[in-house]
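Everything quoted here is computed from the prediction, not taken from an experiment. Letters A, B, ... mirror the listed sequences (proteins, then strands); counts begin at 1.
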Amino acid sequence: GALVYQYPRRTICKSGTSMRMECQAVGFQATSVAWYRQSPQKTFELIALSTVNSAIKYEQNFTQEKFPISHPNLSFSSMTVLNAYLEDRGLYLCGARALNTLYFGEGSRLIVV
Amino acid sequence: QQQVRQSPQSLTVWEGETAILNCSYENSAFDYFPWYQQFPGEGPALLIAIRSVSDKKEDGRFTIFFNKREKKLSLHITDSQPGDSATYFCAASEGGEGGSAKLIFGEGTKLTVSS
């Protein structure tokens, strides 16, 4: 079956520091990867949509300068949250698309102190 | 503006009953509607999905009923089990190459099945 592995599952970082998270598609090749943030206040927010060999498209309120994404091949993507502050807290979800279906990983939870 | 709305916010049913979770949307261009099930501390897992060309999709105890004219759909969970207790998210997307990766989510319905 399609599995999406995210690492780390949870990070506690000091305000102003950065956090890098990874996403690995296991058992399939993801034609595109969508990064979401889930928070109690705003449910799911799409951060960016990344397709291999195409430019990464960021949604309004999210920028490459703040959330740089790397997507070097069909099974791996990473995203960094730079200069994290309290408003960046949440569960960051990687959704890997295969056969017109989006499969999510368990998420990387960012806690900022 | 919330493009995908879910109701109720929370729902409690007894074991064996049918739980009905509702979803409505604004954008007529949406043509793919997946439902995700999420347990606390875990990522959302795809449960069942429907495309706008169909009015019903069934998978075991889970059935989606879709009304394109009214822009409404519902998820029916028959013979509800305590293990079905989770938050259910309705999502929608437009067609096209990257369409199904760009999902718009509702705010979720928290289902509790009591035994």
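Contacts of R9(A) with chain B are made by side-chain atoms alone, with heavy-atom separations under 4.5 Å and no backbone atom involved. Only the side chain of E59(A) comes within less than 4.5 Å of a heavy atom in chain B; its backbone stays farther off.
With a 4.5 Å cut-off on side-chain heavy atoms, T101(A) and P34(B) do not count as touching. Residues F44(A) and I104(B) form no side-chain contact, since every pair of their non-hydrogen atoms from C-beta on lies 4.5 Å or further apart. The closest side-chain heavy-atom distance from Q38(B) to Q38(A) is below 4.5 Å.
The minimum heavy-atom distance linking K102(B) with L46(A) is given by the pair CG-CD2, 3.4 Å. Contact record, L93(A) with G43(B): CD2-CA, 4.1 Å, taken as the closest heavy-atom pair. Of all heavy-atom pairs spanning G105(A) and P44(B), the tightest one is O-CD, 4.4 Å.
Residues I48(B) and I77(B) fall within the same hydrophobic cluster, defined by Ile, Leu, Val, Met, Phe, Trp and Tyr side chains chained together at heavy-atom separations under 4.5 Å. Tracing side-chain contacts under 4.5 Å through hydrophobic residues (I, L, V, M, F, W, Y), one never reaches L49(A) starting from V4(B); they form parts of separate clusters. L11(B) and V113(B) fall within the same hydrophobic cluster, defined by Ile, Leu, Val, Met, Phe, Trp and Tyr side-chain heavy atoms under 4.5 Å apart, directly or through other members.
Under the 30°/60° scheme for interplanar angles, the aromatic rings of F105(B) and Y36(A) are found to stand perpendicular.
A distance-only check finds no donor-acceptor pair linking the side chain of E42(B) to the backbone of E106(A) [under 3.5 Å].
Applying the ring pair (Phe, Tyr, Trp, His ring centres under 6.0 Å) test to pairs two or more places apart or on separate chains, those with a residue in residues 11-31 of chain B are Y25(B)-F33(B).
Around CD of E87(A), the count of heavy atoms belonging to other residues, nucleotides or ligands within 6.0 Å exceeds 12. Sparse packing is recorded around OH of Y7(A), with 12 or fewer heavy atoms of other residues, nucleotides or ligands lying under 6.0 Å away. More than 12 heavy atoms of other shown residues, nucleotides or ligands fall within 6.0 angstrom of atom NZ in K66(A). The 12-atom threshold is exceeded at CZ of R61(B), counting heavy atoms of other residues, nucleotides or ligands nearer than 6.0 Å.
The distance from the CG atom of L102(A) to the CG atom of L46(B) is 8.5 Å, given to the nearest 0.5 Å.
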